[in-house]
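Contents: one structure, followed by commentary.
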Amino acid sequence: MKKIIYTLLLIIPIIAYTQKNPVSYNIKYDNISNGKKSDRKTTITYQNQIVFLSESDDKIQQFTDYKTNEIVSTTEYNDKLFKEVTPFDSLPKPIFEDKPETILGYKCKYAKYSYFSNTIEMWFTEKATIKGSPSPTFLPSKNALVLKIIINGNRILLASSIEKNKKAAPRKYLADEAQEVTTPEFEEIKINSRFIKVPIFDNEIVNFDPSIEVPDANSLEIDKMYRLSKGSVIMKKIKLTPELKNSGNIFVKLQCRSNGDAYDRTGSVFIIPVDENISVMDAYLKGLDQLPIYTDNTGEKYQGIIKSENYKPPVEIMRFFTSFGADYFNDKRVINNYDWAEDVRYKQEITPLIPNNVDEIWVGVFIGNYDKGGHKVSLELDFYPSFRVDETKTSKYIEPLFSTVNTLEMSGQNYGRLFKTDTLTVHFEIPKNIEDLQLLFTTTGHGGWGRGDEFVPKMNKIFIDGKEVFKIVPWRTDCATYRFSNPASGNFGNGLSSSDLSRSNWCPGTPTPPYYIPLTALKPGKHTIQVVIDQGEDEGSSFSHWSVTGVLTGTLSLDE
């Protein structure tokens, strides 16, 4: 009996050691593109009948489970672990052909797939003691070890080694702890888990309401919404964490629907860095007299439209235009075979315009309207991780020069009418160590009668230090594309709708992106920029005006 116990005591540590250090195989693949081998290797690990296809710290993990004959993917989202399970039987089926090839001493068979208009060729062996494929969607048989893959004839994964490791640490199989969801659900979770959504506004009203009280300037809170300029502007202060500031691509996403206003209105999403000396935030809280005045050559005064020594205009991150009444008027203008949109959604990249050198910013939405119901909007900023790590010491350079978008319209701010008799002129200075300098210029023409600038093409020109650097006739001819977003649009006797008509760089229910004007030849120092627009004549009480914004962007080196 003692002998049996002694023998068991010897065996138990051996079993424990085996479980703690299972035998693993690493299969390494070279990556070859257009005949050129990359320094990057692809490695898969076969351990305990599981193929581990991802690094242990990857956000999305993939496994091939030969115990259950399933492909399993996992990801974590909102502190929960989810998985998608795909049985081998439901994987794409290949065509087998007689094209043998010897790889790492194995005589390999050939299989070919046609998948989403791609051609995937692979060579595999069924004679190895291990199994797996670096691309788990394509598994020619459950006993296959795939050693070569060619995608569309020019991208190759070629096995370079198979290494046995008896002392490998056990890999964690996350699928045992995850909640299973359907493939469509997992795709949604997978996408959402890869980037950061920062919600700003959720179904908030932007309207005209003179009864709204102005908040106390000394008691403003972070992450609290404020309704300003008689309800036509909503604002919120948000924090920019290091993770957000170090992100790659940044997008603004807006959802808008009518809450009673039938008309197409000018809208603007804009930001104000909190550390500004004077900004439009001062005017929202204390009145228009807080803003510097620009006087044109006829004596007309414009509040806060250009950069000065102690003032910067807001940074517009997206110009948009509401539709003619999407949602609210859908059941009030029913037309056979017209499937009205329930809302309008806008999404635009704004990476150069979100600073990475401040901790807080104000984010605002303006919709120019005098309607009690107005509009309902939801807004978020989406921050996507960078594709590469930037180890250089740089900061974004963001310098707003001018903005005639009168977000204080309901508080008495003037329209951009100066171009009929004057030139918009701004003096500015370029610091040293600026790279990739460019001007983001957004322009839309307005004057909503037949011969107003909204419906007549007009030349726009930009001069710097007297030299023309850009000119364009901003014009949109695709407005009819968005007919189903405009149920309340007027209809004419010839079959056209008002929302169909071409306009000066905007359409009802669309965003207007900026023009990117390279200024890399501009030297550090003082300069003068001028905006010249061929603005049309007034007709009685009707007048044309232009909403233009200009923001310099670039990269500022922080190295000494």
Side-chain angles (χ1 to χ4, degrees), residues 199-238 254-272 274 276 278-291 293 301-305 313-314 316 318-330 332 343-344 361-380 403-416 446 448 488 541 545 547:
I200 312 295
F201 304 118
D202 183 17
N203 211 30
E204 299 291 353
I205 293 176
V206 183
N207 66 345
F208 181 70
D209 185 354
S211 68
I212 292 175
E213 294 184 2
V214 179
D216 182 358
N218 297 316
S219 60
L220 300 178
E221 301 175 23
I222 198 163
D223 289 329
K224 181 178 179 180
M225 189 197 75
Y226 295 95
R227 303 188 67 204
L228 304 168
S229 195
K230 302 180 181 179
S232 62
V233 172
I234 55 176
M235 298 286 295
K236 182 181 285 189
K237 186 197 296 184
I238 68 167
L254 177 74
Q255 180 183 2
C256 182
R257 56 192 176 92
S258 171
N259 192 47
D261 188 7
Y263 278 94
D264 51 340
R265 307 291 190 180
T266 300
S268 179
V269 184
F270 58 96
I271 66 168
I272 307 169
V274 172
E276 296 294 352
I278 302 174
S279 73
V280 292
M281 198 66 192
D282 296 279
Y284 292 135
L285 298 172
K286 301 175 184 178
L288 275 178
D289 59 359
Q290 300 294 308
L291 299 180
I293 299 297
K301 298 182 184 303
Y302 300 87
Q303 309 93 341
I305 66 170
E316 184 177 56
M318 183 172 70
R319 179 86 50 84
F320 70 96
F321 293 86
T322 71
S323 71
F324 283 100
D327 187 48
Y328 188 88
F329 290 90
N330 288 9
K332 298 171 179 59
D343 55 33
V344 180
I361 57 173
W362 284 101
V363 182
V365 175
F366 159 75
I367 298 177
N369 73 106
Y370 289 93
D371 188 89
K372 184 177 181 180
H375 305 260
K376 287 188 176 181
V377 300
S378 296
L379 180 75
E380 71 179 39
S403 174
T404 63
V405 180
N406 52 338
T407 64
L408 283 140
E409 175 186 353
M410 284 66 196
S411 301
Q413 189 179 20
N414 210 344
Y415 293 88
H446 307 271
S541 61
H545 62 98
S547 293

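Index from 1, following the sequence. Note that this is a predicted model, so its numbers are computed, not measured.
- Residues Pro313 and Gly304 share a closest heavy-atom pair of CB-O, 4.4 Å.
- Every residue two or more places apart in sequence or in another chain was checked for a side-chain hydrogen bond (donor to acceptor under 3.5 Å, both in side chains) with Asp202, and none qualifies.
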Return a table of donor-acceptor pairs under 3.5 angstrom between the side chains of residues 215-223 and protein atoms on other chains or two or more places apart.
residue: Asp216; atom: OD1; partner: Asn218; partner atom: N; Å: 3.0
residue: Ser219; atom: OG; partner: Asp216; partner atom: O; Å: 3.3

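- Between Ile234 and Ile205 the shortest heavy-atom distance is CG2-O, 3.8 Å.
- Looking at every heavy atom in both residues, Arg319 comes nearest to Ser547 through NH1-O, 3.0 Å.
- For residues 369-379, the side-chain hydrogen bond (donor to acceptor under 3.5 Å, both in side chains) pairs, not counting sequence neighbours, are Asp261-His375.
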Let's go through Leu408 and Gln303 carefully: what are the C-alpha distance in whole Å and the side-chain angles of both, what is the deciding distance for side chain to side chain contact (heavy atoms under 4.5 Å, CB included) to 0.1 Å, and is it a yes or a no?
CA-CA 9 Å; Leu408 283 140; Gln303 309 93 341; over 6 Å; no
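- Under the 4.5 Å side-chain criterion, counting only non-hydrogen atoms from C-beta, Val269 is in contact with Phe320.
- For the pair Asn406 and His545, the minimum side-chain heavy-atom distance is 4.5 Å or more.
- Remark: Phe366 pairs with no residue by the ring-ring contact (aromatic ring centres under 6.0 Å, His included) rule, at least two apart or across chains.
- Trp362 pairs in a side chain to side chain contact (heavy atoms under 4.5 Å, CB included) with only one of the listed residues (Phe270, Tyr284, Tyr226), which is Tyr226.
- Listed by chain and number, the residues in a side-chain hydrogen bond (donor to acceptor under 3.5 Å, both in side chains) with Asn414 are Glu300 (sequence neighbours excluded).
- By the side-chain hydrogen bond (donor to acceptor under 3.5 Å, both in side chains) test, Tyr415 pairs with Glu409, sequence neighbours left out.
- Closest of all the heavy-atom pairs between Ile367 and Cys256 is CD1-SG, 4.2 Å.
- Rounded to the nearest 0.5 angstrom, Arg257 CZ and Thr322 OG1 are separated by 14.0 Å.
- Of the inter-residue distances, the one linking Asn207 atom CG with Ile212 atom CD1 reads 5.5 Å to the nearest 0.5 angstrom.
- Distance alone, capped at 3.5 Å, places no donor-acceptor pair between the Asn259 side chain and the Gly374 backbone.
- For residues 225-235, there are no salt bridge (charged side-chain N to carboxylate O under 4.0 Å, His left out) pairs, not counting sequence neighbours.
- The distance from the CD1 atom of Ile305 to the CD1 atom of Ile293 is 9.5 Å, given to the nearest 0.5 Å.
- If you take OG on Ser323 and OH on Tyr263, they are separated by 13.5 Å, rounding to the nearest 0.5 Å.
- Nearest heavy-atom pair across Val405 and Ser268 is CG1-CB, 4.1 Å.
- Note that the CG atom of Leu291 and the NZ atom of Lys301 stand 14.0 Å from one another [nearest 0.5 Å].
- With values rounded to the nearest 0.5 angstrom, Ser258 atom OG is found 9.0 Å from Asn330 atom CG.
- Here the closest heavy-atom approach between residue Thr266 and residue Phe321 is recorded as OG1-CE2, 3.4 Å.
- Between Met281 and Leu228 the shortest side-chain heavy-atom distance falls below 4.5 Å.
- For Ser232, the side-chain hydrogen bond (donor to acceptor under 3.5 Å, both in side chains) criterion is met by no residue, not counting sequence neighbours.
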